[in-house]
2 protein chains.
Amino acid sequence: MRYSDLNKAALQAELARVKQDYEALRGHKLNLNLTRGKPETAQLALSNDMPHTLDDGNYMIDGVDARNYGELAGLPSCRKLFAEILACKPEEVILGNNASLQLMYDLIAKAYTHGLKNSVRPWAKEEKLRFLCPFPGYDRHFNVTKSFGMELIPVPLSETGPDMDLVEELVKDPSVKGMWCVPKYSNPDGYVYPLETCRRIAAMKPAAPDFALMWDNAYVIHAFDGDETPFPDMIGLCRAAGNPDLVYEFASTSKVTYAGAGISCIAASVENIQYILGLMTFQTIGPNKVNELMHIRFLKDLDHTLAHMKKHAAIMKPKFDLVCEALEREIDPLEIASWHRPRGGYFVSINLLPGTAKRVVALCKEVGVAMTGAGATYPGGVDPQDTNLRIAPSYPPLGEVRQAMEVFCTCVKLAALEKLLA
Amino acid sequence: MRYSDLNKAALQAELARVKQDYEALRGHKLNLNLTRGKPETAQLALSNDMPHTLDDGNYMIDGVDARNYGELAGLPSCRKLFAEILACKPEEVILGNNASLQLMYDLIAKAYTHGLKNSVRPWAKEEKLRFLCPFPGYDRHFNVTKSFGMELIPVPLSETGPDMDLVEELVKDPSVKGMWCVPKYSNPDGYVYPLETCRRIAAMKPAAPDFALMWDNAYVIHAFDGDETPFPDMIGLCRAAGNPDLVYEFASTSKVTYAGAGISCIAASVENIQYILGLMTFQTIGPNKVNELMHIRFLKDLDHTLAHMKKHAAIMKPKFDLVCEALEREIDPLEIASWHRPRGGYFVSINLLPGTAKRVVALCKEVGVAMTGAGATYPGGVDPQDTNLRIAPSYPPLGEVRQAMEVFCTCVKLAALEKLLA
């Protein structure tokens with residue numbers, strides 16, 4: 001039964017029926033939350049043996065005492081692990097503390113205050129700064145650049161990655177200083193950029209000599225459905241394309257070990273890394289090496305880390321199956337929304353009938369289900385079509401995801417019927 | 001025997017004798033290091049029970065799971081501990097990761113990119129930026145402000161703190177945007193600013209509305225000789241003086257638990273804290289709370305922390321006694337240098353005959369003793385009188401400190417004699 005095939009009377013009958021469902025849900029007095037891309041407690045517990053790696057009282061690693069000062073770029077062993085994860089070289093990696101967001105913010109801040117390696121002047125001295133924001137995307141990315149007063153330029157994102165015809169045109173403007181990307185299991189759609197798109201991005205010829213490709217590989221080993229998809233070394237692709245300094249890659253163990261207490265990294269060309277380390281000497285004595293020591297002893301190497309990720313997948317997959325099966329069963333036949341079934345990452349992104357996203361969030365809220373606000377996935381927080389919503393099923397237990405999806409599907413139908421009858 | 005009482009022949013005889021001592025030292029082929037304000041291994045081992053506070057697998061504290069996202073300002077329990085240490089209020093504290101230097105850098109960076117709470121405009125948009133640098137002082141402080149292109153204005157520091165007559169005059173210039181202070185066991189002299197000086201600093205009337213008093217209380221509980229000296233709540237003093245937003249205070253557990261893996265804080269008026277948190281929402285998901293959890297369970301409260309510091313003191317005091325006794329025995333009678341015997345902190349600062357500091361460092365190096373470079377304690381790295389050196393005896397074992405001081409005293413004599421005979 002496609003809603004578009006129904007005449008007005010049939011739509012009204014359906015509306016009456018769905019309204020009844022909705023009123024019944026109200027009676028359940030729910031308090032559910034699908035807003036947060038947080039691991040659930042069982043996922044955190046997968047790493048509870050990590051502190052026990054310090055039980056022998058031996059804090060020596062790589063010839064240094066992890067407890068004392070030193071190693072501005074982090075422990076060599078941990079740089080090597082991230083290099084394995086990103087398929088790059090250890091000397092291309094600098095470690096950070098528990099928030100990769102802080103490394104991203106910090107790179108933009110350094111560009112602003114001191115300039116990047118190839119900058120003509122610090123960005124603070126530029127008249128105008130623009131940044132490319134593929135959408136739907138991650139609000140915290142967009143907000144970093146917005147907080148520095150930059151103009152956010154929306155670029156449509158699809159299964160094949162950012163609209164590269166548009167990107168190649170936009171980067172001819174020297175005030176366009178960079179682009180945000182989550183290339184694998186993109187937030188929120190879960191798209192994996194194809195190799196051709198990665199190559200085309202690596203070969204871009206931006207007018208700005210200090211264009212910063214912000215390559216947030218947050219979910220690089222975060223498949224929950226089947227084996228991990230191999231993914232290219234973007235630093236190598238940029239080097240091969242004659243753009244060695246184009247890309248700044250980011251990753252972390254926030255969704256490998258502990259969301260609030262992992263380790264993170266920035267990876268880039270050796271020349272970029274040396275430049276950044278030169279600025280970092282004024283800023284810090286280096287990252288927490290005891291946390292790095294725990295991590296490297298617990299995660300060991302790429303193979304062992306991938307085996308650990310399978311345990312996360314076993315917890316995540318049933319929730320994503322449940323979300324997608326609810327959408328397929330309840331919404332798909334009506335043809336009032338579209339979505340991509342992700343194989344990794346933390347989100348499901350859904351495109352509703354234009355003009356109904358905000359209404360769905362409000363309807364959900366009224367019966368006790370919190371959704372991420374409509375527009376959050378758009379640069380500047382405004383979705384001009386009011387169509388996209390992000391579903392984050394990782395944190396609540398499976399039973400709550402089931403209840404929340406029942407509510408969500410009902411609200412999607414209700415908002416669509418209201419719209420079609422308006 | 002004061003060198004100034006000796007005639008030329010007597011000085012020459014003494015020079016010949018000291019040269020013999022120096023040549024004998026050369027034969028020892030030493031490899032010693034007095035450059036680093038690092039805890040020694042035995043001090044780090046004092047905290048080796050810290051990770052065991054996680055043995056029960058319970059990560060809940062203050063109603064949150066320390067492993068997950070959340071708590072931008074850090075765990076309430078840890079904010080409370082730092083408030084006890086600094087004698088301020090928990091709501092005046094934001095926690096950071098393992099490097100308090102990064103919090104200081106970050107505050108200056110935020111002033112530069114976004115402005116502080118009372119800024120008319122971001123510092124990047126100001127024509128000229130100046131910063132007051134009491135000397136001798138900490139090179140990493142000076143370098144933070146230097147790296148942002150600020151002019152460093154030297155202000156003499158004595159046992160009574162910065163020269164406040166000069167400071168009060170200088171702050172009438174609106175381009176003077178702040179001042180660096182290590183108010184307790186100052187780096188490197190080990191002075192404790194008297195209460196009158198703290199009050200006078202708190203009551204300053206800078207022309208710049210966003211003047212930032214950078215109050216680095218790095219050694220607030222770091223007495224090694226006797227009980228801890230009580231120290232005033234600078235945030236309270238500023239509030240009482242009608243300058244509530246003047247001060248940004250910093251502290252850490254780098255020299256309480258682990259130098260490279262402690263926790264740190266910035267403390268300021270509640271209004272400043274709210275302003276900073278507002279900017280931080282774009283920057284990070286918050287500090288590592290598992291490390292905070294370990295810390296609060298291990299350090300418990302102020303009394304327990306002070307008891308822990310007594311264990312550090314027991315390791316530190318013999319080294320500082322040895323340094324000061326060597327200076328008192330070998331150098332004091334000659335009247336060729338002056339110094340202050342510190343009761344806490346990590347350094348001894350010595351003022352040599354003008355024009356001999358660099359020579360002493362070179363002489364020490366030649367026989368295998370590394371000293372912090374002459375000038376390092378001065379803004380811009382230049383000591384116009386070439387007189388001050390910093391001795392850092394914490395890291396080497398006691399036996400090495402003894403050998404190194406024998407070398408150091410011989411070199412001080414040699415350089416003084418060369419100077420007096422030149």
Side-chain angles (χ1 to χ4, degrees), chain A residues 36-41 44-45 47-48 50-55 57 59 64-71 97-99 101-102 105-106 109-110 112-114 122 124-125 140 143-144 146-148 254 257-262 279 281-294 395, chain B residues 36-41 44-45 47-48 50-55 57 59 64-71 97-99 101-102 105-106 109-110 112-114 122 124-125 140 143-144 146-148 254 257-262 279 281-294 395:
Chain A
R36 292 172 297 182
K38 285 170 75 165
E40 77 150 280
T41 306
L44 300 170
S47 300
N48 276 4
M50 194 159 67
H52 287 295
T53 62
L54 304 176
D55 280 354
Y59 288 82
V64 303
D65 187 324
R67 298 166 300 184
N68 222 326
Y69 291 121
E71 301 299 319
N97 278 321
N98 61 312
L101 182 69
Q102 192 156 359
Y105 182 97
D106 205 54
K110 281 189 166 42
Y112 195 86
T113 58
H114 292 78
K125 308 292 181 196
R140 282 183 177 268
N143 287 341
V144 167
K146 192 177 167 204
S147 89
F148 283 88
S254 293
T257 57
Y258 296 149
L279 291 177
T281 55
F282 303 120
Q283 179 180 22
T284 178
I285 50 93
N288 180 334
K289 295 191 300 298
V290 170
N291 200 28
E292 292 173 13
L293 175 61
M294 285 196 277
Y395 188 65
Chain B
R36 292 172 296 183
K38 284 170 74 165
E40 76 151 278
T41 307
L44 300 171
S47 300
N48 277 4
M50 195 159 65
H52 288 294
T53 62
L54 304 177
D55 280 354
Y59 288 82
V64 304
D65 188 324
R67 298 166 301 184
N68 222 326
Y69 291 122
E71 300 300 319
N97 278 320
N98 61 311
L101 182 69
Q102 192 154 357
Y105 182 98
D106 206 55
K110 282 189 165 41
Y112 195 86
T113 58
H114 292 78
K125 308 293 181 196
R140 281 184 179 270
N143 287 342
V144 167
K146 194 179 165 199
S147 90
F148 283 89
S254 293
T257 56
Y258 295 150
L279 291 177
T281 54
F282 303 121
Q283 178 180 24
T284 180
I285 50 92
N288 180 334
K289 295 191 300 299
V290 170
N291 201 28
E292 292 173 12
L293 176 61
M294 285 197 276
Y395 188 64

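Sequence lines set the chain letters: A, B, ... in the order given, protein chains first and strands last, and positions in each chain run from 1.
In this structure, CD in A/Gln102 is found 5.5 Å from CD in B/Gln102, a value given to the nearest 0.5 Å. The line from OH of A/Tyr105 to OG1 of B/Thr284 is 11.0 Å long, rounded to the nearest 0.5 Å. Distance CD/A/Gln283 to CZ/B/Arg140: 11.0 Å, rounded to 0.5 Å. Between B/Arg36 atom CZ and A/Asn68 atom CG the span is 8.5 Å, to the nearest 0.5 Å. The distance from the CG atom of B/Asn97 to the CG atom of A/Asn288 is 7.0 Å, given to the nearest 0.5 Å.
Note on A/Gly262, A/Pro51, A/Ser47: by heavy-atom pairs under 4.5 Å with chain B, the leading option is A/Pro51. Ranked by non-hydrogen atom pairs under 4.5 Å with chain A, the options B/Asp55, B/Leu279, B/Asp106 are led by B/Asp55. Annotation: maximal heavy-atom pairing with chain A below 4.5 Å, among B/Val144, B/Asn143, B/Thr113, occurs at B/Thr113. When each of A/Lys125, A/Met294, A/His114, A/Glu292 is scored by its heavy-atom pairs under 4.5 Å with chain B, the top score falls to A/His114. Per-residue heavy-atom pair counts under 4.5 Å with chain B were compared for A/Ala124, A/Gly70, A/Pro39, A/Gly57, and the maximum is reached by A/Pro39. Ranked by heavy-atom pairs under 4.5 Å with chain A, the list B/Phe282, B/Tyr112, B/Tyr395 is led by B/Phe282. Interface remark: of the candidates B/Asn291, B/Leu44, B/Leu101, B/Leu44 forms the most heavy-atom pairs closer than 4.5 Å to chain A.
Listed for the B/Asn48 side chain is no donor-acceptor partner under 3.5 Å among the backbone atoms of A/Leu54.
Nearest heavy atoms, A/Ala259 versus B/Tyr69: O-CE2, 3.2 Å. Closest approach of B/Tyr258 to A/Val290, counting heavy atoms only: CD1-CG2, 3.9 Å. The two residues B/Gly286 and A/Asn98 make their nearest non-hydrogen contact at O-ND2, 3.0 Å.
Only the side chain of A/Lys110 comes within contact range of chain B, judged by heavy atoms closer than 4.5 Å. Neither the backbone nor the side chain of B/Lys146 comes within contact range of chain A, judged by heavy atoms closer than 4.5 Å. Only the backbone of A/Pro287 comes within contact range of chain B, with heavy atoms under 4.5 Å apart. Heavy-atom distances place the backbone of B/Thr281, and not its side chain, under 4.5 Å from chain A. Interface residue A/Asp65: only side-chain heavy atoms are found under 4.5 Å from chain B.
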Problem set entry | Audit row: B/Arg67, A/Thr41, side chain to side chain contact (heavy atoms under 4.5 Å, CB included) steps and yes/no | CA-CA 9 Å; B/Arg67 298 166 301 184; A/Thr41 306; 3.7 Å; yes
